[in-house]
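Structure first, commentary second.
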Amino acid sequence: MRDLKHLLYFENLLQTSNNELIRQAQSEGKICVAYVCENTPEPLMDIGNAFAIRLSAPNTGSMDIATYYMTNLLCETSRALLERAIEGGFNFADCIVAPDGCTMINRCVENMELLKTMGAGKEQYFTQFMEIPLKDDDNGVELLKLQCKNHILDPLKERYGIDTSDAAIRKAVEEHNRVCRVIRAIGDFRREERPRITGYEFHVLTLATYLCPKYLIIDKLEETLEELKTREPDDKDYRARLMIVGSEIDDSGLIKLVEESGAYVCCDRFCFGSLPGRNPIELNDVEDALTQVCRHYVRSCQCPRMMNMEKVYGRKKYVSDLAKEYRADGIIYEQVKFCDPWAYERFSGSVMLRDDYGFPVLSVDRPYNISSSVGQMRTRVQAFVESIEIKKIQGGTK
C-alpha cells in the first residue's frame, strides 16, 4: 500500500516522552496534566487551558534504579515510568493525577513524588491520588464524580485558574469526541476483507491521541481519514486475523512483530487502545456534564479492577463480541510482566474465550519493551498463526 502521508510524523512523535507537540503546547501557555491510567476521565484533564498526556517510556532500556526502589516483583510498566521520571524525562508535566487502578502504578507515582523527580522550578506543580470504584453501579459513579472534583477539577482551578464549569466540561467532551470519532472511523477499515490500513499503522495513530495534545494532531488525523477513503489495499491474503487483548501496549513494536509473522491485527482491547478507550461520550442536556462523563467511564470500563460479577463475565463476552464483529480467527491475550490485575484476568479470560466461546487463544506475558524479547515472542506468535492455518485447512478455526 502507498505510505500514509503523516505516518512517519506520528512515528517520530512516539519516540520520546517529551515530544515536540507537548513543548509547542506549553510554549503557547497551556498546562500539561500527566496521568497514568485509562480509568482517569480524559476530558476533565483536556479542559480549558489544560491538556492531558498519558505517561509512557518509549525505548526503555535498563530499569535498575527503579528496581532498587520498587523491587523486581513489580510490573515493568511501573518501573519503566519511574526510571524515566528519575532520568528527568517527565519534567514537562505541570501536575500528575494517579488513580488507584492498581497498587503498583500508585507506588510508582508515590516514588516520583518522594524522590522529587518532577515539578522542579514549578511552584504550582501538584500530585494527586484518586480513589476509583471497584463496581459498576450508581455508588461507583458518585465516587468517581467526587474524586474527579476533589483531585482533578478543583486543583486545576485553584492552582492554574482553569475553567472547570459545566460549559467547559461540555466543550472538552465535544473536542474529545471529535478525536474519538476520527479514530473509530479509521479503525472501521479493519473490518474489510482486504484492509486498507495495517494494525500497526492504526496503533500508531491511536497511540498518538494519548501521548500528544489532541488539538495539535486532529487536523492530521482527519486528513489521514480522508486519505484512507481512497487508499488501495494490498492484493494479498493474511495468514490469520488476530485480536489483541490485555494490559497496556504503548509499544507499537509489538503490533509490528505480530504482523511481520503474516497475521493482521484487526481489533484491540487493551489499555492505550481504541476499544473502548476511543468511544465517544454522549451527553444530554438534562444532567450535569461531570456526572455523565463519570458514568461513561464507569459503565464502559473493561479494566479487571472492576470486580462485580457482571463485569467479570461481561469482559469476556465483550471480547468475544468484538472478535466476531471484526472477524478475528484467534486472540492473543497479553500481560506486561508482573502485572497483577491482568495476570488473573489473562488466565481466566484465556480459558473462557477458548472453552466457552470457541476461539483459539495465545496467552503470553511480555516485557514492557518488546525489543528485549523479540525472538521468543516471534516464535510463539508464528506457531500460533500456523496452528490457526492448520485448523482452517482441517475445516474450521474452532
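Each residue takes its place number in the sequence, starting with 1. Just so it is clear, the values below take in all heavy atoms, side chains as well, and ignore hydrogens, waters and symmetry mates.
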> Heavy-atom distance under 4.5 Å between the side chains of Gln147 and Leu143, does that happen here?
Replying inline: yes

> Side chains of Leu82 and Met63: closer than 4.5 Å at any heavy-atom pair?
Replying inline: no

>> Check Lys316 with Glu310, please: is the shortest side-chain N to carboxylate O separation under 4.0 Å?
In response: no

>> Hydrophobic clustering (ILVMFWY, side-chain heavy atoms < 4.5 Å, transitive) - are Val258 and Met1 grouped together?
In response: no

> Side chains of Gln376 and Thr379: do they bring a donor and an acceptor to under 3.5 Å?
Replying inline: no

> Do Lys392 and Glu389 meet the salt-bridge criterion of a basic N to acidic O distance under 4.0 Å?
Replying inline: no

> How far does CG of Leu4 sit from CG of Leu228, to the nearest 0.5 angstrom?
Replying inline: 5.5 Å

> Closest approach of Ser78 and Leu74, non-hydrogen atoms and distance?
Replying inline: OG-CB, 4.1 Å

> Does a side-chain heavy-atom distance below 4.5 Å link Val33 with Ile53?
Replying inline: no

> Could you walk me through whether Glu87 and Arg84 pass the salt bridge (Lys or Arg N to Asp or Glu O under 4.0 Å) check?
Replying inline: CA-CA 5 Å; Glu87 294 169 351; Arg84 186 60 52 90; 3.2 Å; yes

> What heavy-atom pair brings Asp137 and Gly140 nearest, and what distance separates the two atoms?
Replying inline: OD1-N, 2.7 Å

> Hey, are the side chains of Lys220 and Tyr9 touching, using non-hydrogen atoms and a 4.5 Å cut-off?
Replying inline: yes

> So, the side chain of Asn177 versus the backbone of Pro280: is there a donor-acceptor pair under 3.5 Å, distance only?
Replying inline: no

> Looking just at side-chain N and O atoms, do Asp46 and Tyr215 make a donor-acceptor pair shorter than 3.5 Å?
Replying inline: no

> Hey, are Asp268 and Arg190 close enough for a salt bridge, meaning a charged N less than 4.0 Å from a carboxylate O?
Replying inline: yes

> For residues Ser274 and Arg184, is any side-chain donor paired with an opposing acceptor at under 3.5 Å?
Replying inline: no

>> Side chains of Glu28 and Gln24: any donor to acceptor distance under 3.5 Å?
In response: yes

> Is the NZ or CZ atom of Arg269 both under 6.0 Å from the centre of the six-membered ring of Tyr318 and within 45° of that ring's axis?
Replying inline: no

> Parallel under 30°, tilted from 30 to 60°, perpendicular over 60°: which one fits the rings of Phe92 and Phe90?
Replying inline: perpendicular

> Closest heavy-atom contact between Val182 and Ile218?
Replying inline: CG2-CD1, 4.1 Å

> Would Val336 and Ile332 show up in the same hydrophobic cluster when neighbours are defined by side-chain heavy atoms closer than 4.5 Å?
Replying inline: no

> Does Glu76 come within less than 4.0 Å of Lys337, counting only side-chain N to carboxylate O?
Replying inline: no

> Is Glu260 paired with Arg378 through a side-chain N to carboxylate O contact shorter than 4.0 Å?
Replying inline: yes

>> Regarding Asn150 and Gln128, do their side chains bring together a donor and an acceptor under 3.5 Å, going by distance alone?
In response: no

> Do Phe270 and His203 make the cut of ring centroids closer than 6.0 angstrom?
Replying inline: yes

> Any Lys/Arg nitrogen of Arg181 or Glu222 sitting under 4.0 Å from an Asp/Glu carboxylate oxygen of the other?
Replying inline: no

> Are Tyr68 and Met112 linked, directly or through other ILVMFWY residues, by side chains that come within less than 4.5 angstrom of each other?
Replying inline: yes

> In terms of the angle between their ring planes, are Tyr264 and Tyr238 parallel, tilted or perpendicular, with boundaries placed at 30° and 60°?
Replying inline: tilted

> Between atom CG of Leu225 and atom CG of Leu221, what is the distance when rounded to the nearest 0.5 Å?
Replying inline: 9.0 Å

>> Can you confirm whether Asp329 sits close enough to Phe359 that some side-chain heavy atom of one is under 4.5 Å from a side-chain heavy atom of the other?
In response: no

> Is there a donor-acceptor contact under 3.5 Å from the side chain of Ser62 to the main chain of Asp64?
Replying inline: yes

> Looking only at heavy atoms, what is the nearest atom pair of Tyr297 and Pro43, with distance?
Replying inline: OH-CD, 3.6 Å

>> I'd like to know whether CD of Glu193 has more than 12 heavy-atom contacts from other residues, nucleotides or ligands below 6.0 angstrom.
In response: no

>> How close do Phe10 and Ala208 get, counting heavy atoms only, and between which atoms?
In response: CD2-CB, 3.6 Å

> Are Ile105 and Phe338 co-members of a hydrophobic cluster defined by side-chain heavy atoms under 4.5 Å apart?
Replying inline: no

> Going from CD1 on Ile186 to NZ on Lys229, what distance comes out if it is rounded to the nearest 0.5 angstrom?
Replying inline: 10.0 Å

>> Give me the atom names and distance for the closest heavy-atom approach of Ala240 to Val385.
In response: CB-CG1, 4.4 Å

>> Distance alone, cut at 3.5 Å: any donor-acceptor contact between the side chains of Tyr368 and Glu248?
In response: no

> Does the side chain of Pro213 reach to within under 4.5 Å of the side chain of Ile22, using non-hydrogen atoms?
Replying inline: yes

>> With rounding to the nearest 0.5 angstrom, report the CG to CD distance, Leu115 to Glu113.
In response: 10.0 Å

> So, Asn18 versus Thr16: side-chain donor-acceptor pair below 3.5 Å or not?
Replying inline: no

> Taking side chain as C-beta onward, heavy atoms only, is Asp100 less than 4.5 Å from Arg305?
Replying inline: yes

>> Are Asp340 and Cys102 packed together at the side-chain level, in the sense that at least one heavy-atom pair is separated by less than 4.5 angstrom?
In response: no

> How about Ile65: does its CD1 atom have over 12 heavy atoms from other parts shown lying under 6.0 Å from it?
Replying inline: no

> Taking the six-membered ring of Tyr326, is the NZ or CZ of Arg191 close enough (under 6.0 Å from the centre) and on axis enough (within 45°)?
Replying inline: yes

>> Looking at Asp163 and Lys157, is any side-chain nitrogen of the basic one under 4.0 Å from a carboxylate oxygen of the acidic one?
In response: no

> Can you tell me how far CZ of Arg170 sits from CG of Leu283, rounded to the nearest 0.5 angstrom?
Replying inline: 5.5 Å

>> Does either side chain, that of Glu42 or that of His176, offer a donor lying less than 3.5 Å from an acceptor on the other one?
In response: no

> Should the pair Arg231 and Phe189 be classed as cation-pi, given the thresholds of under 6.0 Å to the six-membered ring centre and 45° from the axis?
Replying inline: no

> Would you say the side chains of Asn284 and Gln292 form a donor-acceptor pair under 3.5 Å?
Replying inline: yes

> Cut-off 3.5 Å, side chains only: do Lys145 and Thr291 have a donor facing an acceptor?
Replying inline: yes

>> Check Glu345 with Arg315, please: is the shortest side-chain N to carboxylate O separation under 4.0 Å?
In response: yes

> Is NZ or CZ of Lys256 both nearer than 6.0 Å to the six-membered ring centre of Tyr200 and within 45° of the ring axis?
Replying inline: yes

> Does Glu192 pair with Arg196 as a salt bridge, N-O distance under 4.0 Å?
Replying inline: yes

> Is a salt bridge present between Asp138 and Arg299, judged by a nitrogen-to-oxygen distance below 4.0 Å?
Replying inline: yes

> Do Asp154 and Lys149 pass the salt bridge (Lys or Arg N to Asp or Glu O under 4.0 Å) test, and can you show the C-alpha distance, the side-chain angles, and the key distance before you say yes or no?
Replying inline: CA-CA 6 Å; Asp154 287 353; Lys149 180 179 184 302; 3.0 Å; yes

> Salt bridge check: are Glu223 and Lys5 linked by an N-O gap of less than 4.0 Å?
Replying inline: yes

>> Quick one, Glu38 with Arg54, criterion salt bridge (Lys or Arg N to Asp or Glu O under 4.0 Å). Give me CA distance, side-chain angles, the key distance, then yes/no.
In response: CA-CA 9 Å; Glu38 68 174 346; Arg54 184 161 175 185; 5.2 Å; no

> Any ion pair linking Glu20 and Arg23 (charged N to carboxylate O, less than 4.0 Å)?
Replying inline: no

> Can you tell me how far CG of Leu290 sits from OG of Ser165, rounded to the nearest 0.5 angstrom?
Replying inline: 11.5 Å

> Within a reach of under 6.0 Å around NZ of Lys317, are more than 12 heavy atoms found that belong to other residues, nucleotides or ligands?
Replying inline: no

